[in-house]
Amino acid sequence: MTRERLYLFDTTLRDGAQTNGVDFTLTDKLAIAGMLDELGIDYVEGGYPGANPTDTELFGQDRKFDTTFTAFGMTRRPGRSTSNDPGLATLLDAKADAICFVAKAWDYHVKVALETTNEENLASIRDSVKAAKAKGREVLLDCEHFFDGYKANPKYALACAKAAYDEGARWVVLCDTNGGTLPDEVEKIVGEVVKTIPGDHVGIHAHNDTDQAVANSFAAVRAGARQIQGTLNGLGERCGNANLVSIIPTLKLKPEFADRFDIGVNETALRKLAHVSHALDERLNRAPNRHAPYVGESAFATKAGIHASAIMKDPATYEHVAPETIGNRRKVLVSEQAGRSNVLAELERVGIKADRDDPRIGRLLEIVKEREAIGYAYEAADASFELLARRTLGKVPNYFDVTQFDVNVEQRNNAKGQRVTVTMAVVKVKVGDDNMISAAEGNGPVNALDLALRKDLGKYQKYIAGLKLTDYRVRILNAGTEAVTRVLIESEDEAGERWTTIGVSANIIDASFQALMDSIIFKLVKSGAPA
Ligand SMILES: [Zn+2]
């Protein structure tokens, strides 16, 4: 049976940029567009050229993506001609493969918001599509408020969509702009639309105001639509847009869709999905949703000991899909309630062989429990967990001792009379019988401490020469009665391998120091440095 092609359109960088607290830089946009491109998303909507300097710059040059890189903007303004509308001109000149226009499809909005006539709105749609086609662009029309408009005046809503389709728009996208439409309504209305406009020219753009944007997208596909618009992690205004990170694995892994449709995302790319989702959160400096379907840390986590032992015997007993297909992993939680089998599974995962009856396994479990109670999160810091396990099992040499460190932060006037903050760290290290003192200036206390610590480790220096910090995250936790600081540090070596270490303390410098030390020692262990 031949499968039909279903297209994915990502609007993380346009509609997703409306999320409260999200503000993409040009670098962010290029990095995210690159990830979406690699994932195999058919259309990436980069933004709204002319609306802000970032988007104007983004579309100022050819970005050379495989995806159909799409610019968003308004149809020509009422009462103007296409040649006399500066906003439209900017959009038509944007370096984009496609243009996605937005137009009102609800006569009430045409009257109240646009203050124009229904006929003029239709003319604006026709003229704008024609102008973009003349420029050689693929054209899409987002029919704003389509579902509410259809309920109020089906003939007019459909006329807006039809105007764009008749003029040669590749896609007519039905938007549930207010996000309040329910799946059965979406299915029914899309079913009506595809009687007039072929389904392989119809898209769905759902918002999540009833927590059913994903369900609405699938309802539209069932009714015949063949393009789904959405965002990574469901980013978007208010409650967000349809979450492509949930939609993609469902399309790939559930037979109802997988047997009927092909999408641009292949199996290899699907295995990067969890990473893409987490990388977006990291870029936004927000904690990934642990409970996110498919990609969340808890999506395949089991806590109770009885489930853990069943999962070890046959994973399918407790999982609806195999976690590795989307780049997630099965997790048998090392935390409260966890049994010995949990720890053994974690050890196996990080590649440490241990005997089931070794009494030190019980000791390790105790330590993990104690530490998690005061704020450590070993699930987020594999390298620190591995070190803790190796230490408990007596397998980490004592490479060096930091006998003393000192971090000094000073604010003063410099020679030019400017107010400056200067940070310096001094570290005393003992390697075998050698005592070393290193000092370094940094752009902050942790940076200075890191630079001083890694400046001279004597005979071990060569093993850490390629080590660098790639991410530093701080979170204040309220564990017990006092606030503590949890620091997660991500490091990378010369081979591009990455690992995360953790430190927890009431003092941010102490917490950072622990995480820095773990990172260096982890690198020495990994490199097989001699004791
Ligand atoms: Zn929207």
Side-chain angles (χ1 to χ4, degrees), residues 7-24 29 32-33 36 41-52 55 68-75 91 96 98-106 108-110 113-114 125 128 139-151 157 160-161 164 169 171-183 185-186 189-190 193 202-221 225 227-247 280:
Y7 294 83
L8 297 174
F9 181 108
D10 180 280
T11 182
T12 304
L13 302 177
R14 201 275 301 168
D15 226 358
Q18 304 299 317
T19 315
N20 245 338
V22 167
D23 195 8
F24 294 124
K29 286 206 165 194
I32 294 165
L36 291 163
I41 303 296
D42 302 292
Y43 296 82
V44 172
E45 191 170 52
Y48 187 169
N52 60 67
D55 287 359
T68 303
F69 196 52
T70 306
F72 172 90
M74 313 265 267
T75 50
L91 184 56
I99 291 177
C100 183
F101 288 110
V102 60
K104 306 280 182 200
W106 185 357
Y108 174 72
H109 273 261
V110 172
L114 284 184
I125 292 172
S128 305
V139 185
L140 302 90
L141 181 79
D142 273 359
C143 298
E144 209 183 3
H145 298 290
F146 184 84
F147 292 93
D148 296 314
Y150 190 92
K151 285 184 225 170
C160 294
W171 293 100
V172 174
V173 182
L174 313 179
C175 301
D176 185 25
T177 309
N178 293 354
T181 311
L182 301 178
E185 298 174 300
V186 169
I189 293 173
V190 173
V193 173
V202 173
I204 177 74
H205 176 110
H207 278 263
N208 201 34
D209 298 71
T210 71
D211 208 8
Q212 299 187 87
V214 169
N216 278 343
S217 304
F218 292 136
V221 170
Q227 184 196 96
I228 300 177
Q229 296 202 346
T231 58
L232 289 177
N233 297 348
L235 239 54
E237 202 169 15
R238 306 187 311 274
C239 317
N241 286 56
N243 185 357
L244 287 180
V245 174
S246 297
I247 287 172
L280 179 75

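Whatever order the structure lists ligands and atoms in, that order sets their numbers, starting from 1. Note that these values count all heavy atoms, side chains included, but never hydrogens, waters or copies made by symmetry.
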Just so I know, are the side chains of D209 and N178 near enough to count as touching, which here means a heavy-atom distance under 4.5 Å?
no
Looking only at heavy atoms, what is the nearest atom pair of A215 and P183, with distance?
CB-CG, 4.0 Å
Work out how many protein N, O or S atoms lie closer to the Zn ion (ligand 1) than 2.8 Å.
3
Return the set of residues passing side chain to side chain donor-acceptor pair (under 3.5 Å) with T181 (not counting sequence neighbours), or none when no residue passes.
D176
Under the side chain to side chain donor-acceptor pair (under 3.5 Å) test, residues paired with Y43 that sit two or more places apart:
E138, W171
Output all residues satisfying side chain to side chain donor-acceptor pair (under 3.5 Å) with W106, sequence neighbours left out; order by chain, then residue number.
none
With a 4.0 Å cut-off, would you call R14 and D55 a salt bridge?
no
